[in-house]
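Heads up: the structure comes next, in structure tokens.
The shown structure was predicted, so the numbers you read here are calculated from the model rather than taken from an experiment. All residue numbers in this chain count up from 1 along the given sequence. Whatever order the structure lists them in is the order used to number ligands and atoms, beginning at 1.
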Amino acid sequence: MSIVVQKYGGSSVADAEAIKRVARRIVETRRAGHSVCVVVSAMGDTTDELLDLAEQVTPGPPARELDMLLTSGERISMALVAMAIAQHGVEARSFTGSQAGVITDAAHGAARIIDVTPGRIEDALGAGHVAIVAGFQGVSQTTKDITTLGRGGSDTTAVALAAALHADVCEIYTDVDGVFTADPRILPTARKVDVLSMEEMLDLAANGSKILHLRCVEYARRYGIPIHVRSSWSQREGTWIKDNPYQGEGAVEAPIIAGIAHDRSEAKITIVGVPDRVGVAARIFGAIADAGLNIDMIVQNVSVADAADTAKTDISFTLPQGDGAKGVQVLQGIKSDVDYHDLLLDDSIGKIALVGAGMKSHPGVSARFFRALADAGINIEMISTSEIRVSAVTRADQLDDAVRAVHTAFGLDSTEGEAIVYGGTGR
Ligand code: ASP
Ligand code: MG
């Protein structure tokens, strides 16, 4: 008998009918002889609605109270799913994150899991019950307050529980059939990918793919938990995310391109006319880091043409849009020190990232990527690469076109009809 952790996203439990459908699936898994621990998200767009509600009561609600409010969404789902399972004569018990032993740090809204002590879940499974856990939440080790793990955090709850319970697999049920070569909501010709390495999935998640929470993939890689992303509406095999699928026994060939991620949530700051001196970048990014701002791409290149007389450079970097104003404020604070000329904040940028383990050994990937963008009339503002990724910043309103053009240029368009989006509002 194996231990299975199943996570159902918001669209899979959006209403009473959906909850009953999911309950049937859980009951089938239990009746097949598995121990089943289920993690649920809040129903449909509940989390967004609660956030809107808080904003109406007060702009900038206290973080502790916001976490109290948001965690109620998952508690509604967990109780309803447990009731729906009981209807089939199978015993189910629901647990909050805190009851399930999800211990976090005290960072409200973005807490990190530091330990999982799932004694009550183990007892429930041992008694033959299905355990239902509220996702996306835990309890702070120090303050004992209820915390949330950040948007999309239920995925991380599921993998953390899978690791703590020594589960054989963590199944993530969503509203599409798996991980696609691009977001099927903007590109219906995207195709489902059968297998991805942990590294590929990490890069896709870090570059804007919404299918899995970034920390969930980090956690899965650290603890070697295989993830199976699939639809709760179909019985189809989804996408397996594993360690080393391209090596050893049962290996498949690494694809040149595993997928394309896109992201519209970043902003770009350009520091104009920075003196070309030792230590300047350290000063700038030290101040940004001290402010707790997380940056992504950085571009700097002293122009040889100008260097002789001016010895100035421009530095651009990207960061989350919500941190743009703070970034500008921090840099204004060191203006006299660094002696740069001007600051520009731009939040109409988009980022496209092409990820694939096979590109390591295939020349010409960047050339084909840039050619596709050029042919579509899209200007590239920043470029960054790693061994298995090429990414570029474009205008935000050209991003969808960029994804389409690159997808076609790499021959990724499906020949088997359009991808199915079963539910959700994409909000
Ligand atoms: N309900 C939370 C959200 O909408 C957490 C999750 O669904 O994973 O972000
Ligand atoms: Mg999600």
Inset, instruction - Is it possible for you to check whether Arg368 lies under 6.0 Å from the centre of the six-membered ring of Phe410, through NZ or CZ, and within 45° of that ring's axis? - result: yes
Legend entry - Arg151: numbered ligand 1 atoms lying under 4.0 Å from its heavy atoms: 3 (C), 4 (O), 9 (O)
Legend entry - Qualifying residues under side chain to side chain donor-acceptor pair (under 3.5 Å), relative to Thr181, sequence neighbours excluded: His407
Legend entry - Heavy-atom side-chain contact between Arg283 and Ile334 under 4.5 Å: yes
Legend entry - Close-contact set for ligand 1 against Ser41 heavy atoms, below 4.0 Å: 6 (C), 7 (O), 8 (O)
Inset, instruction - Answer with yes or no whether Gly153 contacts ligand 1, where contact means a heavy atom under 4.0 Å from a ligand atom. - result: yes
Inset, instruction - For Gln141, look at atom CD and say whether over 12 heavy atoms of other residues, nucleotides or ligands are found less than 6.0 Å away. - result: no
Legend entry - N/O separation below 3.5 Å, Glu74 to ligand 1: yes
Inset, instruction - Would you check the N or O atoms of Phe136, main chain and side chain alike, for any that come under 3.5 Å of an N or O of ligand 1? - result: no
Legend entry - Face-on cation placement of Lys335 at Tyr340 ring, 6.0 Å and 45° thresholds: yes
Inset, instruction - Please verify whether a non-hydrogen atom of Gly152 lies at under 4.0 Å from ligand 1. - result: yes
